[in-house]
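Reviewing the structure listed below.
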Amino acid sequence: MIQIFSNSLGKEELKAVEKVFESKWVGAADVTLEFEEQFGESIKSKYSLSFNCATAILYGSMKILNIKPGDEVLIPTVNFIGCANAIIDAGAKPVFCDVDLNTFNITPEEIERKMTKKTTALLLLHYGGNPVAFDEIKEVSGDIKIIEDSCNTLFSKYKDRYCGTLGDIGCFSFDAMKILVTGDGGMMTFQDEEYYEKTLQYRYLGLVSKIKSGVDSLQEEKKTWWEIELGCKSGRFISNDIISAIALEQLKKVDGFISRRKKIWDTYKSELKDLDWLVLPPEPYENCTSSYFMFWLRIKNGQRNEFARYMVDNEIYVTFRYYPLHQINEYKEFSLPLKNAEEICDTTINIPIHQNLSDKDVNYIVDTIKNFRRNK
Ligand SMILES: Cc1ncc(COP(=O)(O)O)c(C=O)c1O
């Protein structure tokens, strides 16, 4: 079976992990700080703090931005469930928004329609690696907070800035299905110093980060060095040096992953463009770049499910990301009809696009797609 997600974890990552083992300290320390610094530099983010996963960042962003019961948070419905869960967990109301039929991204027009006096934040997703129309969104959303789910947009650029640095908080994932893979892990990015201490506390039990290590306290001639000061009450969402050692190696390879993905994207676009029963994904807006995290097809004539079955029967794994949140029973109290998302959900399929696909795999995928209707 040709897989839809893959990774390039190899000898380099193993060697880096071995070094961490040899150091006899596997918790978050210098390697994690180094990863945070290098990641921040690579996307030009002032602050980058690693987490154990991106879902923890989504939950944390609600606390850090003071999202409270009674608040409304706008969220595109074609989206990851953790985003809605985080909003509801904060006591706020998720306001599901429709998306553009081509980009699957939230639009400024829909934001304008759904904003009320209670709207305090927008949690947006750049679908599939393709940046949203950020300037236009900012113009209509005014001073509400913006959380950018950048889990699809590693190194995607909106004009001269990287996704994840456009809004108040950016959120990246390094789980098994992402471009940069560490098994699990995430990075929160933000540009405002105000969030720094709050995030450090949220990430680690609420402990005030100024607490010095025992040795540092000794140097200050303190008699005891084990007192605890809490700034808030929180869980524990930190990363560690094993994960960060893998991440640093992956960081060196990511440009190569993305350029291979772009090559596959371009092949799909040129090879499939004449099939009149397909709608292909659009290119990024002018002056924007994509990470090419996902490739998607919209199948006309009600044949999506048949097409999906046909692909799997031909050993090509396909799926659909992301099942619209407003159609999930658990969220039914927040549900409302959203026409484009429903059409997307009925017609779309994601096909494999990752750096481990060989040219032979890509040709096989293209030929298999082309043969779908020939067999009828
Ligand atoms: C868009 C999006 N946001 C957030 C997440 C959560 O990432 P993590 O698995 O690191 O918690 C995912 C994971 O699939 C995702 O696809």
Side-chain angles (χ1 to χ4, degrees), residues 3-7 9 32 35-36 39 48-62 73-90 94 96-97 99 103-106 121-132 146-156 163-164 166-167 169-189 202-203 235-240 242-244 246-247 250 254 261 290-296 317 319-326 328 331 341 344-345 348 350 353-354:
Q3 289 302 324
I4 191 153
F5 299 113
S6 189
N7 67 70
L9 294 165
T32 300
F35 175 48
E36 290 174 343
F39 188 89
S48 302
L49 292 173
S50 58
F51 274 70
N52 57 351
C53 67
T55 303
I57 297 172
L58 295 167
Y59 276 69
S61 64
M62 297 293 129
V73 180
L74 306 182
I75 172 175
T77 188
V78 176
N79 206 343
F80 174 66
I81 43 175
C83 298
N85 289 348
I87 296 167
I88 295 166
D89 184 73
F96 296 131
C97 295
V99 295
T103 61
F104 302 5
N105 277 335
I106 196 166
L122 159 66
L123 199 172
L124 63 77
L125 170 70
H126 306 279
Y127 182 87
N130 196 3
V132 299
I146 298 183
I147 303 141
E148 266 184 283
D149 185 322
S150 242
C151 293
N152 289 192
T153 36
L154 182 67
F155 293 170
S156 293
C163 290
L166 309 170
I169 289 181
C171 162
F172 293 87
S173 167
F174 312 126
D175 77 22
M177 286 167 281
K178 298 302 182 293
I179 300 178
L180 188 160
V181 172
T182 60
D184 267 314
M187 190 72 79
M188 182 192 278
T189 48
Y202 173 79
R203 189 176 64 164
R236 184 175 179 279
F237 310 111
I238 53 173
S239 184
N240 63 54
I242 298 175
I243 298 272
S244 303
I246 297 170
Q250 287 274 290
V254 163
R261 283 164 180 265
S290 177
S291 63
Y292 303 98
F293 177 57
M294 292 200 278
F295 194 92
W296 60 100
Y317 199 106
T319 189
F320 169 56
R321 288 278 194 286
Y322 296 88
Y323 188 75
L325 301 174
H326 74 282
I328 294 175
Y331 304 139
I344 286 164
C345 181
T348 304
N350 300 90
I353 180 167
H354 57 75

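Order of listing sets the numbers, starting from 1, for every ligand and every atom in it. On a predicted model such as this, the values are computed, not experimentally measured, just so you know.
Heavy-atom proximity to Thr55, at under 4.0 Å, picks out these atoms of ligand 1: 6 (C), 8 (P), 11 (O). Atoms of ligand 1 lying under 4.0 Å from at least one heavy atom of Cys53, given by number and element, are 10 (O), 11 (O). Every atom of ligand 1 with a heavy atom of Ser173 under 4.0 Å away is listed here by number and element: 7 (O), 8 (P), 9 (O), 10 (O).
Contacts between Lys178 and ligand 1, counted as non-hydrogen atom pairs separated by less than 4.0 Å, involve the side chain only. At a 4.0 Å heavy-atom cut-off, ligand 1 touches Leu125 through the side chain alone. Of all the heavy atoms of Ala54, the ones lying under 4.0 Å from any atom of ligand 1 are found in both the backbone and the side chain.
Within the 4.5 Å cutoff, the side chain of Leu154 has no heavy atoms near those of the Lys178 side chain. Side-chain contact between Tyr127 and Val78 is present, with at least one heavy-atom pair separated by less than 4.5 Å. At a threshold of 4.5 Å between non-hydrogen side-chain atoms, the residues Pro94 and Leu325 do not count as touching.
Considering Cys83, Ser150, Cys151 as possible partners of Cys171, the one that fulfils the side-chain contact (heavy atoms from CB on, under 4.5 Å) test is Cys151.
Counting protein heavy atoms only, atom 2 (C) of ligand 1 is closest to Asp149 OD2, 3.4 Å. Given atom 6 (C) of ligand 1, the protein heavy atom at minimum distance is Phe80 CE2, 3.2 Å. Among protein heavy atoms, atom 9 (O) of ligand 1 sits closest to Asp175 OD2, 2.6 Å.
Relative orientation of the Phe172 and Phe39 rings is perpendicular, given thresholds of 30° and 60° on the angle between their planes.
Using a 4.0 Å heavy-atom cutoff, Arg321 is absent from the residues neighbouring ligand 1. The shortest separation from a heavy atom of Tyr322 to ligand 1 is under 4.0 Å, placing the residue in contact.
When all heavy atoms of Asn152 and Met294 are compared, the pair lying nearest together is OD1-CE, 3.5 Å. In this structure, Tyr322 and Leu125 approach most closely via the heavy-atom pair CE1-CD2, 3.9 Å.
For the residue pair Tyr317 and Asn350, no side-chain donor N or O sits within less than 3.5 Å of a side-chain acceptor on the partner.
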